[in-house]
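Here's the structure we're looking at; comments come further down.
Quick note on labels: first sequence line is chain A, next is B, and so on, each numbered from 1. Only this structure's heavy atoms are used, side chains among them; waters, hydrogens and symmetry mates stay out. The model shown is predicted, which means the values in this text are computed figures rather than measured ones.
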Amino acid sequence: DQQVKQNSPSLSVQEGRISILNCDYTNSMFDYFLWYKKYPAEGPTFLISISSIKDKNEDGRFTVFLNKSAKHLSLHIVPSQPGDSAVYFCAARNYGQNFVFGPGTRLSVLP
Amino acid sequence: SQTIHQWPATLVQPVGSPLSLECTVEGTSNPNLYWYRQAAGRGLQLLFYSVGIGQISSEVPQNLSASRPQDRQFILSSKKLLLSDSGFYLCAWSSQPTEQYFGPGTRLTVT
């Protein structure tokens, strides 16, 4: 039973345009959501997070939106750059101590 | 600043051999520690997490085990490796729910 879903395994976007990565979850007890970026053969790097009491958090080119009623969050990257090409993981923290990760979406930013 | 180390970076082991992967964290005290596995083409699967010395929670039953002999040391072990144990193993730490920091990972190939 996958509690965090990223239904798009891959996404291609033109450089300079917006990248939108989506994530859905099933557990209403999740209280924190995080996005990670991962290059091959490296550990994931934290990008941005959002508390369940907020609906938007912005950090530079990265914005995360949370829709609690729909149990959906999205990561917007504007403008997209070739260096953004990586696998992006959505993660959720339950009210305990551990994190649940989605399967990831591979983003390709085309020059 | 905090750093997290994992070794070895790559490992090739025959089926049935033992395994020991080590993770250490510097620059923080009493972190929560995690072991994840990323199988080929899949997301991050939480294997174990620890909130303190000697305290280990297992998320997935398998032939792996974890130990935390010191505050900032986390070890992943197996007595007899299976082919299905191949994957990319990641150690991570956190001290607050907003972020989780990953090590560089260990690529394990069981032959």
Side-chain angles (χ1 to χ4, degrees), chain A residues 1-10 21-25 27 29-54 57 59 62 64 66 73 86-107, chain B residues 1-11 21 23-25 30-52 55-60 66 68 74 87-109:
Chain A
D1 178 33
Q2 212 170 30
Q3 297 187 69
V4 179
K5 303 174 185 179
Q6 293 177 257
N7 293 321
S8 297
S10 63
L21 298 117
N22 294 306
C23 177
D24 297 288
Y25 62 95
N27 189 344
M29 298 303 293
F30 289 145
D31 62 351
Y32 234 96
F33 303 90
L34 307 92
W35 282 96
Y36 286 84
K37 172 181 177 180
K38 185 181 182 301
Y39 294 117
E42 293 184 10
T45 303
F46 170 78
L47 278 177
I48 192 169
S49 64
I50 187 167
S51 164
S52 60
I53 63 173
K54 295 186 176 181
N57 188 25
D59 184 2
F62 302 93
V64 56
L66 176 62
L73 65 156
V87 176
Y88 288 78
F89 290 101
C90 169
R93 176 186 174 268
N94 60 24
Y95 66 96
Q97 302 284 353
N98 57 334
F99 298 79
V100 180
F101 281 77
T105 296
R106 181 176 300 278
L107 173 66
Chain B
S1 64
Q2 301 89 359
T3 54
I4 179 169
H5 304 279
Q6 271 187 256
W7 62 91
T10 60
L11 191 59
L21 302 181
C23 170
T24 59
V25 181
N30 196 30
N32 293 335
L33 296 172
Y34 308 82
W35 277 111
Y36 289 88
R37 175 171 61 202
Q38 183 183 20
R42 301 184 66 180
L44 299 176
Q45 180 185 38
L46 178 64
L47 302 175
F48 302 95
Y49 70 95
S50 171
V51 300
Q55 300 178 60
I56 309 294
S57 296
S58 174
E59 290 294 298
V60 182
R68 185 169 176 174
F74 206 22
F88 192 55
Y89 288 82
L90 289 155
C91 180
W93 73 272
S94 71
S95 59
Q96 52 188 335
T98 55
E99 297 179 14
Q100 191 180 50
Y101 300 94
F102 285 83
T106 295
R107 170 73 59 193
L108 171 66
T109 303

- Task: Under the ring-ring contact (aromatic ring centres under 6.0 Å, His included) rule, collect the residues that match up with Phe62(A), sequence neighbours excluded.
- Result: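 Checked Phe62(A) against ring-ring contact (aromatic ring centres under 6.0 Å, His included); zero matches.
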
- Query: Do Phe102(B) and Phe101(A) have their ring centres less than 6.0 Å from each other?
  - Reply: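 Yes, close enough.
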
- Per-residue contact mode, Phe33(A) against chain B (heavy atom under 4.5 angstrom):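 No part of it gets close to chain B.
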
- Any idea which of Gly104(A), Ala91(A), Ala41(A) has the most non-hydrogen atom pairs under 4.5 angstrom with chain B?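 Most heavy-atom pairs under 4.5 Å with chain B: Ala41(A).
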
- Message: Going by the rule side-chain hydrogen bond (donor to acceptor under 3.5 Å, both in side chains), which residues pair with Thr24(B) if we only count those two or more places apart in sequence or in a different chain?
- Response: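 None.
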
- Message: Tell me the closest heavy-atom pair linking Pro44(A) and Leu44(B), and the distance in Å.
- Response: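 Shortest heavy-atom contact: CG-CD1, 3.8 Å.
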
- Item | Contacting region of Leu46(B) [heavy-atom separation from chain A under 4.5 Å] |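 Side chain only.
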
- Message: Could you walk me through whether Tyr36(B) and Phe99(A) satisfy the side chain to side chain contact (heavy atoms under 4.5 Å, CB included) test, starting with their C-alpha distance in whole Å, then the side-chain angles of each, then the deciding distance to 0.1 Å, before giving a yes or no?
- Response: CA-CA 10 Å; Tyr36(B) 289 88; Phe99(A) 298 79; 3.6 Å; yes

- Evaluation steps, side chain to side chain contact (heavy atoms under 4.5 Å, CB included), between Lys38(A) and Gln38(B): CA-CA 11 Å; Lys38(A) 185 181 182 301; Gln38(B) 183 183 20; 3.0 Å; yes

